[in-house]
Amino acid sequence: KFVHVGEESQAFANSIRKIQRSQKCFPTVSEEQMEWMSNTSLGDFCEGKTRDDYLEISQKAIQGLGYVHGDMTLAIDHNVLTMVWEMHEYMPIAVNLCAVLEQMYLRFCYQKSKQFKESDSTQNEFLSVLIHVVDRHAPPEGEESLQQLLRIQATEDGKQNEDAVSLWLETEETLRKQKELVDSLDIPDEDKAAMQFDMPPAAEEGSFGPPLDKGVYEMLVSKQKGFREDQSTERRNDLKNRVVMLGHICQIAHNNLQQPHGKYDQLEVHFRRMFSNIKYSVADMMNQLTDQQDLTEV
């Protein structure tokens with residue numbers, strides 16, 4: 001089946017057909033190959049189990065999420081779907097980041113100047129949306145939350161950042177609707193759970209959702225060189241692992257969305273700059289983590 005029928009841009013479909021004419025092959029898998037990949041896993045086989053319903057469940061899921069039409073032709077941009085597929089290790093992030101891409105495109109790319117796209121304030125806003133989706137961790141007890149840092153929640157003196165509030169609520173509403181969509185899918189509960197955040201979004205419209213940790217956002221925005229002296233080794237390792245994961249997410253998103261014939265290719269500059277910032281931050285962190293006092297010296 002040729003899945004690229006009906007896409008907004010036919011440029012990619014035409015290039016695939018050109019390959020077929022010249023090389024007599026499609027750079028995609030056949031239905032038989034899909035069945036091979038979705039049949040009984042090695043783990044199930046070793047336990048004497050068989051499972052032949054995974055392909056059907058997968059098709060129900062991607063159709064319910066709006067990724068494909070009833071005839072299995074693509075319903076959204078193919079570069080977005082390759083991004084989702086490559087993020088299969090981070091399934092909840094993949095499903096929800098896909099839902100937020102339209103908002104990110106309109107906010108940070110559509111009819112925006114080069115100066116706007118490359119400004120630090122835009123990059124900080126972009127990071128706040130990314131952290132909202134990708135780095136959902138509760139703040140350490142007694143510490144300020146990300147919502148408080150961004151002045152989404154009013155401070156003691158009543159100050160509140162209205163632009164940040166609007167952006168946050170828009171993102172939270174998208175995540176809430178995506179959770180409702182996943183909950184409505186006609187698939188087993190265990191498969192639904194694999195696509196849901198451990199820390200779910202707000203259940204009610206207009207709510208800021210659960211408090212999130214500000215640690216990763218604060219490190220990247222302030223271009224902090226390594227860790228603060230008051231942070232424990234456990235906290236440092238946790239932040240390092242989360243920053244590395246965020247960098248991996250940015251790398252996957254960039255490498256897929258920047259491909260030709262895509263709707264969201266303008267987001268490439270934001271993911272690229274974010275990945276670059278993360279790369280330098282990780283280098284500083286690793287220098288500090290590995291340059292510890294030798295406790296074995298007498």
Side-chain angles (χ1 to χ4, degrees), residues 87 89-100 103-104 124-156 159-161 164-183 189-190 192-224 226-250 253 274 277-278 281-282 285 288-289:
M87 289 185 190
E89 293 181 31
Y90 316 106
M91 188 56 67
I93 294 173
V95 170
N96 286 278
L97 183 59
C98 176
V100 173
Q103 170 194 335
M104 297 174 82
N124 293 345
E125 279 193 8
F126 183 80
L127 176 60
S128 73
V129 176
L130 264 185
I131 294 292
H132 197 160
V133 179
V134 175
D135 188 56
R136 298 179 66 82
H137 295 267
E141 188 175 352
E143 283 201 14
E144 182 184 44
S145 70
L146 179 60
Q147 289 95 319
Q148 291 170 326
L149 176 69
L150 296 173
R151 294 195 173 180
I152 291 165
Q153 291 180 336
T155 56
E156 293 180 359
K159 291 183 179 180
Q160 198 173 24
N161 187 329
V165 169
S166 174
L167 182 60
W168 187 275
L169 289 178
E170 185 180 1
T171 307
E172 191 70 18
E173 179 69 5
T174 302
L175 298 181
R176 184 178 67 82
K177 288 181 177 178
Q178 193 69 0
K179 182 182 185 304
E180 292 174 352
L181 179 60
V182 172
D183 286 338
D189 289 342
E190 62 185 55
K192 294 179 185 179
M195 292 185 276
Q196 300 283 29
F197 287 127
D198 292 335
M199 185 180 287
E204 299 178 358
E205 186 176 352
S207 172
F208 296 137
L212 301 181
D213 185 12
K214 68 176 183 178
V216 172
Y217 178 86
E218 190 175 44
M219 285 191 72
L220 295 176
V221 166
S222 64
K223 294 181 172 58
Q224 182 179 312
F227 304 99
R228 299 196 311 267
E229 291 297 325
D230 62 334
Q231 290 175 322
S232 66
T233 302
E234 182 182 6
R235 174 67 167 166
R236 293 179 182 193
N237 281 313
D238 177 53
L239 288 173
K240 181 259 296 179
N241 291 336
R242 286 159 53 189
V243 170
V244 168
M245 188 192 75
L246 179 63
H248 191 205
I249 294 294
C250 289
M274 188 58 61
N277 291 342
I278 291 170
S281 178
V282 170
M285 285 189 286
Q288 191 172 356
L289 283 171

Calculate, to the nearest 0.5 Å, the distance between atoms CG and CD belonging to L146 and Q153 respectively.
10.0 Å
Taking side chain as C-beta onward, heavy atoms only, is V282 less than 4.5 Å from V243?
yes
Donor-acceptor pair, distance only, cut-off 3.5 Å: does the side chain of S281 make one with the backbone of N277?
no
For D135, what residues pass the salt bridge (charged side-chain N to carboxylate O under 4.0 Å, His left out) criterion, not counting sequence neighbours?
R242
How far does CG of L97 sit from CD of Q178, to the nearest 0.5 angstrom?
10.5 Å
Test salt bridge (charged side-chain N to carboxylate O under 4.0 Å, His left out) applied to E125 - qualifying residues, sequence neighbours left out:
R107
Counting distance only, does the side-chain N/O of Q160 pair as donor-acceptor with the main-chain N or O of I152 below 3.5 Å?
yes
Do L212 and S145 have side-chain heavy atoms sitting under 4.5 Å apart?
no
Separation between OH of Y217 and NE2 of H132, rounded to the nearest 0.5 Å
13.0 Å
With sequence neighbours excluded, tell me which residues meet ring-ring contact (aromatic ring centres under 6.0 Å, His included) with H248.
Y90
Can you tell me how far the CD atom of E144 sits from the CG atom of L150, to the nearest 0.5 Å?
9.0 Å
Are any of the side-chain heavy atoms of V95 and M91 separated by less than 4.5 Å?
yes
The criterion is side chain to side chain contact (heavy atoms under 4.5 Å, CB included); which residues satisfy it with V134, sequence neighbours excluded?
I93, L130, M245, L246, I249
Which residues satisfy the salt bridge (charged side-chain N to carboxylate O under 4.0 Å, His left out) test with E180, sequence neighbours excluded?
R176
Taking ring-ring contact (aromatic ring centres under 6.0 Å, His included) as the definition, give me every residue that meets it alongside F126, ordered by chain and number, with sequence neighbours left out.
F108, H270, F271
Which residues share a side chain to side chain donor-acceptor pair (under 3.5 Å) with N241, sequence neighbours left out
none
Can you tell me how far CE of M219 sits from CZ of R236, rounded to the nearest 0.5 angstrom?
9.5 Å
At what distance, to the nearest 0.5 angstrom, does CG of L149 lie from CD of E143?
11.0 Å
Sequence neighbours left out, what passes side chain to side chain donor-acceptor pair (under 3.5 Å) with D183? Give chain and number order.
K179, Q196
Closest non-hydrogen atom pair, C250 against M274:
SG-CG, 3.7 Å
Not counting sequence neighbours, which residues clear side chain to side chain donor-acceptor pair (under 3.5 Å) with T171? List them please.
Q103
Side chain to side chain donor-acceptor pair (under 3.5 Å) against R151, all qualifying residues, sequence neighbours excluded:
none
Partner set under salt bridge (charged side-chain N to carboxylate O under 4.0 Å, His left out) for R136, not counting sequence neighbours:
none
Test: side chain to side chain donor-acceptor pair (under 3.5 Å). Region: residues 197-207. Which pairs qualify, not counting sequence neighbours?
none
